[in-house]
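Following: one structure in structure tokens, then a few remarks.
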Amino acid sequence: MLPMMAATCQGVTGVRRPASGVRRAVTGERPGDKQERISMYKRKKFMKLMNMRGTSSPDTILADPPELFERHSAPLVEALKSTAAEDVACFHFPGHNRGKAAPAILSKLIGLGSFIHDLPELPELDDLFSPKGAILDAQTQAAKLFGASETRFLVGGTTCGIQASVMATCSPGDILILPRNSHISATSGLVMSGALPKYIFPEYNSHWDIAGGVTPLQVETTIKELEVAGKTAAAVLVTSPTYHGICSNLSEIIQLCHSRGIPVIVDEAHGAHFGFHPNFPSTALEQGADLAVQSTHKVLSSLTQSSMLHISGDLINRERMSKCLQMLQSSSPSHLLLASLDAARAQIGENRDTIFTNAVDLSLEIRHEIGKISGISLLDSSNFLSHFPAIDPLRITVGVSQLHMSGYLADKILSEKHHIIPELVGTQSLTFAINLGTSKRDVQRLISGVKYLSRKFFQEGKQKSNAGNSVSAPIIHSSMQLSPRDAFFAKKERVNIRKSIGEICGELVYPYPPGIPVLIPGEVITEEALSYVSNAMIKGAKISGASDHLLASILVCKL
């Protein structure tokens with residue numbers, strides 16, 4: 001009996017309670033018996049457990065009744081439900097002990113169920129870094145839905161996925177081609193990998209203070225510049241769609257990269273919903289991307305911080321990718337976040353062809369109505385000279401410069417007077433994200449709020465010229481004196497911001513959102529960059545990255 005006890009008890013050896021196979025050996029339960037036992041006794045046992053915790057009904061804890069446990073549409077959600085409902089003596093982490101020691105102030109806010117289902121990596125719940133059960137099943141179903149050969153769940157957001165993608169494709173000294181307006185996660189990926197950036201500078205519309213995507217010609221020109229110098233890019237990273245929904249011509253970019261054996265990483269954080277409505281742009285995977293990283297929590301419905309990384313083709317070293325993800329992600333991943341990814345996938349999969357119909361209809365209504373309002377403009381692909389094949393119909397960017405105000409002031413008015421919260425605020429515009437939860441009432445409130453801005457601030461015949469409305473570009477053509485990695489680890493000193501021009505920047509400086517750096521470690525600080533940041537702060541932008549948030553001083557590298 002002693003060997004069996006060692007397998008079933010957690011003592012000084014640190015052995016957790018057994019996986020389901022061991023439990024069957026002990027109890028004599030046949031493989032099909034467990035689900036039947038759950039179906040027969042789940043409510044009785046769960047009621048007993050909830051009564052011990054002072055909860056009157058399991059339905060106040062679980063969104064679905066126990067009968068739905070038998071459905072196999074979301075394997076990780078089912079495993080989490082089943083495990084949480086077991087009547088066990090719990091001697092494992094986390095310390096709130098399945099809700100019994102949950103802080104009252106928080107459990108009253110979010111419910112006890114969040115704590116009850118906040119479980120660690122128990123055998124039934126699988127291992128994120130070596131999945132063989134529920135997580136593997138959930139990821140496999142996600143890959144099938146999104147069109148990947150393999151999908152990995154992320155609990156560190158798309159930031160983690162971009163970092164891992166850069167590290168998996170680039171070694172120290174390798175060259176990564178990427179847009180200068182890439183998210184800061186790409187910069188941190190450069191620091192971690194030791195890769196050297198070769199930037200593409202996308203077209204910039206100063207009237208909107210918005211950058212577009214990158215074109216196939218820009219990518220081809222950059223690749224050829226490297227070839228003339230006897231160099232080859234290890235990978236190309238493209239952001240599509242951008243935060244404002246602007247899509248690049250990925251199919252042509254990927255085709256020319258693949259003709260040279262160069263893998264393509266797509267930061268598709270804002271495009272997880274693509275492919276689920278005929279009005280949406282084509283997905284990165286449909287266009288041949290090797291790696292596509294999506295924020296499942298943005299337009300789809302998983303919990304914040306949860307994302308997916310999709311892998312396709314044979315240019316990616318899968319083993320190296322696994323090691324990178326294991327290095328970057330927590331060794332104690334939240335199963336609530338993981339289950340939310342599984343649930344979001346199941347939600348879309350149930351009616352993938354019609355689930356976004358209402359959202360698309362509402363977005364068309366918003367565009368139609370706001371397009372008629374005086375002093376208000378709507379961003380579309382015609383605002384850029386370069387040809388971009390599509391713009392996300394669920395991303396609506398409203399220009400307010402003709403109202404003689406900044407986007408930050410417009411945001412303040414809409415928030416305080418109409419209780420309208422946009423997704424993104426810029427110096428000249430506001431961006432609104434339509435999703436599955438958007439209602440007709442929300443749309444009517446938004447249209448009413450924008451009409452209020454027009455009535456209150458638009459003066460016929462007194463519009464400023466485009467030149468008067470424009471701002472300096474945040475995407476500065478600055479020389480790079482150190483690689484991002486060398487600059488990150490270099491010795492630094494703090495200098496007055498007015499004396500920093502010409503020095504080598506030692507820290508990231510970026511307005512957030514959207515998280516696009518104006519200054520990158522290793523670049524020479526220019527007057528243009530400081531001017532843009534200063535004007536953005538005057539208009540109400542919040543600057544992140546810099547250790548001095550007031551930006552009276554800045555860290556520079558000492559050579």
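The model shown is predicted, which means the values in this text are computed figures rather than measured ones.
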Check: K492 and E507 side chains under 4.5 Å, non-hydrogen atoms:
no
Can a donor-acceptor pair be found, under 3.5 Å and without considering hydrogens, that links the side chain of S429 to the backbone of G426?
no
With a 4.5 Å cut-off on side-chain heavy atoms, are S295 and H270 touching?
no
I'd like to know whether CD of E225 has more than 12 heavy-atom contacts from other residues, nucleotides or ligands below 6.0 angstrom.
yes
Hey, does the side chain of D411 reach the backbone of G407 with a donor-acceptor pair shorter than 3.5 angstrom?
no
Any donor and acceptor pair, going by atom type alone, linking the side chain of S240 with main-chain N or O of S248 inside 3.5 Å?
yes
Take F146 and T283 through the side-chain contact (heavy atoms from CB on, under 4.5 Å) test and state the conclusion after the steps.
CA-CA 9 Å; F146 289 97; T283 71; over 6 Å; no
Parallel under 30°, tilted from 30 to 60°, perpendicular over 60°: which one fits the rings of F276 and F356?
parallel
Is the count of non-hydrogen atoms from other residues, nucleotides or ligands lying under 6.0 Å from Y408 atom OH greater than 12?
yes
Test log, rule side-chain contact (heavy atoms from CB on, under 4.5 Å), inputs N535 and T427:
CA-CA 9 Å; N535 288 334; T427 59; over 6 Å; no
Can any side-chain N or O of T215 pair as donor or acceptor with the backbone N or O of Q218 at less than 3.5 Å?
yes
Is the closest side-chain heavy-atom distance between V293 and L154 below 4.5 Å?
yes
Quick one: does S479's side chain get under 4.5 Å of E523's, heavy atoms only?
no
Can you tell me how far the OG atom of S165 sits from the CE atom of M321, to the nearest 0.5 Å?
4.0 Å
L409 backbone acceptor or donor facing S406 side chain under 3.5 Å
yes
For a 4.5 angstrom cut-off between non-hydrogen side-chain atoms, does H310 reach E268?
no
So F384 and F388, would you call those rings parallel, tilted or perpendicular, with 30° and 60° as cut-offs?
perpendicular
Distance, nearest 0.5 Å, that separates CG of L530 from CD of E528:
9.0 Å
Counting heavy atoms not belonging to E365, are there more than 12 under 6.0 Å from its CD?
yes
Side-chain (S534) to main-chain (S531) donor-acceptor, under 3.5 angstrom:
no
For the side chain to side chain contact (heavy atoms under 4.5 Å, CB included) test, which of V214, V264, L226 pairs with I177?
L226
For C557 against A487, the heavy-atom pair lying closest together
SG-O, 3.8 Å
Given side chains that start at C-beta, do those of R320 and S171 come closer than 4.5 Å, heavy atoms only?
yes
Atom CD1 of I105 with >12 non-hydrogen neighbours under 6.0 angstrom:
no
Distance-only polar pair, side chains of T242 and H244, donor-acceptor under 3.5 Å
no
Can you list the steps and then say if H387 with N249 is a side-chain hydrogen bond (donor to acceptor under 3.5 Å, both in side chains)?
CA-CA 9 Å; H387 175 68; N249 188 339; over 6 Å; no
From I175 CD1 over to L190 CG, what is the distance, rounded to the nearest 0.5 angstrom?
11.5 Å
Check the surroundings of atom NZ in K491: do more than 12 heavy atoms from other residues, nucleotides or ligands lie under 6.0 Å from it?
no
Pairing donors with acceptors under 3.5 angstrom, does anything connect the side chains of Q287 and S282?
no
OG1-CD distance between T397 and Q428, expressed to the nearest 0.5 angstrom
13.0 Å
If you compare all heavy atoms of L394 against all heavy atoms of A359, which two are closest, and at what distance to 0.1 Å?
CD2-O, 3.8 Å
To the nearest 0.5 Å, atom OG1 of T187 lies from atom CG of L178 at 7.0 Å
Show your reasoning for whether side-chain contact (heavy atoms from CB on, under 4.5 Å) applies to V236 and I200.
CA-CA 10 Å; V236 171; I200 294 174; 5.8 Å; no
What are the two closest non-hydrogen atoms of T304 and L337, and how far apart are they?
O-CD2, 3.5 Å
So does R445 get a backbone contact from the side chain of S448, meaning a donor-acceptor N/O pair under 3.5 Å?
no
From R395 atom CZ to N435 atom CG, the distance as rounded to the nearest 0.5 Å
9.5 Å
For L291, the option from I162, T169, L237 that meets side chain to side chain contact (heavy atoms under 4.5 Å, CB included)
T169
Side-chain (S193) to main-chain (G189) donor-acceptor, under 3.5 angstrom
yes
Quick test of your reading of the model: are E227 and R260 salt-bridged, counting only N-O distances below 4.0 Å?
yes
Residues V166 and I265: closest non-hydrogen pair is N-CD1, 4.2 Å
Please give me the minimum heavy-atom distance between P484 and V191, naming the atom from each residue.
O-CG2, 3.6 Å
If only atom types and distance count, is the side chain of R152 paired as donor or acceptor with the main-chain N or O of M308 below 3.5 Å?
no
Taking every non-hydrogen atom, the tightest pair across S363 and I434:
CB-CG1, 4.1 Å
Within the side chain of D290, is there an N or O that forms a donor-acceptor pair under 3.5 Å with the backbone of G313?
no
So do the side chains of F432 and I366 get within less than 4.5 Å of each other, counting heavy atoms only?
no
Any side-chain heavy-atom pair from E286 and S251 closer than 4.5 angstrom?
no
side-chain contact (heavy atoms from CB on, under 4.5 Å) assessment of D548 paired with R494
CA-CA 10 Å; D548 180 357; R494 184 174 301 282; 3.8 Å; yes
Residue pair Y532 / D209, side-chain donor-acceptor N/O under 3.5 Å
yes
